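Please read all numbers here as calculations on a predicted model, not as lab measurements.
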Amino acid sequence: MLRVMSVFGTRPEAIKMCPLVKELASRPGIESLCCVTAQHRQMLDSVLEVFGVQPDYDLDIMTPRQTLSSITSKCLLGMDEAIERLKPDMILVHGDTSTTFAGALSAFYHQVAVGHVEAGLRTYDKFSPFPEEMNRVLTSNIADMHFCPTMGNRENLIKEGHVRDLFITGNTVIDALKTTVQPDYRFSTEALNKLPYAEKKVLLVTCHRRENYGEPMKQIMLALRQVAESHEEIELVYPVHLSPVVREAADRYLRGAPRVHLIDPLPADEMHNLMARCYLVLTDSGGLQEEAPALGKPVLVLRRETERPEAVAAGTVKLAGVVQDDIVTMAERLLRDQSAYEAMAHAVNPYGDGNACRRIADAIEWRYGLRTEKPEDYQA
């Protein structure tokens, strides 16, 4: 049996990796193992529960107001024991978190092969997103197999000199949506069940990135408040990240604003079903830029740049930036101009057909001689 260990630690990673853990477990020649770092404890656990994934090893590293250095060092030390105990032949890491880089580095120290899921995303600014951009660049230099969501991601890697074992798979988050979104879904938060989705325009917001701390986050929050105060036809729902910095900003600038609902973070299935029912998404998240277009929802990105230019090119996503007036102007257009809204809502999502996990598992089987034919690349 080929022992493949998936390593992840945050909620977004878990959403994208749990379907792959289960796909690998369905393959007769593969023993699918799962190691979590719990970089985000509470939010990670909710995703594991939704997908029914039980970790084989749990580093449980999260502490209040943890630093990047503490996350990385505790991941490295914890991974030593996990690798020695579980003895994987290959380790899969995802995307761009501190868990991703530490997991890849630990695998290298133990001379274990590394597969990088969601490989090749780039902004070419090492401080934005921070620390994600350098995490994924460094992971690319360690990885033995690169699973790229799009052709553009593969081209980024080729320009950097990575030319072997590059696979275009689509993004595993689209696979996850096939599991979680249900037309008759009932939310555990009763306030979400009572929202008048048919009569009102529900705006779904997330904002939590480190590079937005301080003045950018203030500008974003003030823009959201202005939009809410100006439009009686909207309801703005903001599942507020558990970061104390984010929660303090949300309380300061949005608490008490009309038709603004500040709620706790949602489990993956609730977030996906809320997204499916909303009108518009405003976010600085990476994953939502992929998820929302798959559900026909326009996205305004609350950042200066994005490592997902395919969505911008396709027309499903627009960069709104971090300046109050700019954000308000772009939101206003989508609220008032139906043709502009429809153009974004009906653009083709470039991130996959829901078969990314199958392609990744096929590629791993091919590399290790468990199948004879190399899998075909995903084509948008």
Worked verdict on Q42 versus D45 for side-chain hydrogen bond (donor to acceptor under 3.5 Å, both in side chains): CA-CA 5 Å; Q42 181 179 341; D45 289 346; over 6 Å; no

Run N171 and E118 through side-chain hydrogen bond (donor to acceptor under 3.5 Å, both in side chains) and show every step you take. CA-CA 7 Å; N171 198 297; E118 198 176 270; 2.9 Å; yes

The test is side-chain hydrogen bond (donor to acceptor under 3.5 Å, both in side chains); show your working for H110 and E84 and say whether it passes. CA-CA 9 Å; H110 290 266; E84 289 167 6; 4.7 Å; no

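Residues K194 and E190 are not paired through a salt bridge, judged by the lack of any N-O separation under 4.0 Å between the basic side chain and the carboxylate. Salt bridge K16/E290: present, at least one basic N to carboxylate O contact under 4.0 Å. Using a cut-off of 4.0 Å between Lys/Arg side-chain N and Asp/Glu carboxylate O, E310 and R308 are scored as not salt-bridged. In summary, R27 and D362 engage in a salt bridge, as defined by a charged side-chain N under 4.0 Å from a carboxylate O. The pair D284-R210 does not meet the salt-bridge criterion, since no charged nitrogen lies less than 4.0 angstrom from a carboxylate oxygen. A salt bridge links D353 with R359; the closest basic N to acidic carboxylate O contact falls under 4.0 Å. Between R247 and D264 a salt bridge is recorded (basic side-chain N to carboxylate O distance below 4.0 Å).
With side-chain heavy atoms closer than 4.5 Å counting as contact, directly or through intermediates, the hydrophobic cluster containing V112 also holds M5, V7, L33, Y57, L59, I61, I71, L76, M79, I83, L86, I91, V93, F101, L105, F108, Y109, V114, M134, L138, I142.
Without hydrogens or angle criteria, N212 side chain to L302 main chain gives a donor-acceptor distance under 3.5 Å. Under the 3.5 Å distance criterion, the side-chain polar atoms of Q39 are matched with a main-chain donor or acceptor of T99.
For the side-chain contact (heavy atoms from CB on, under 4.5 Å) with L204, the lone residue among L282, L274, L236 that qualifies is L274. Of the candidates E307, E132, E155, E160, E160 is the only one forming a salt bridge (charged side-chain N to carboxylate O under 4.0 Å, His left out) with R122.
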Side-chain donor/acceptor pairs under 3.5 Å, residues 372-380, sequence neighbours excluded:
from, atom 1, to, atom 2, distance (Å)
D377, OD1, I168, N, 3.1
D377, OD2, R154, NH1, 3.0
Y378, OH, G352, N, 3.3

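With a 4.5 Å cut-off on side-chain heavy atoms, Q289 and V301 count as touching.
Nearest heavy atom pair, residue A14 against residue L44, reads CB-CD1, 3.6 Å.
Residues T150 and N153 have side chains that bring a donor and an acceptor to within less than 3.5 angstrom of each other.
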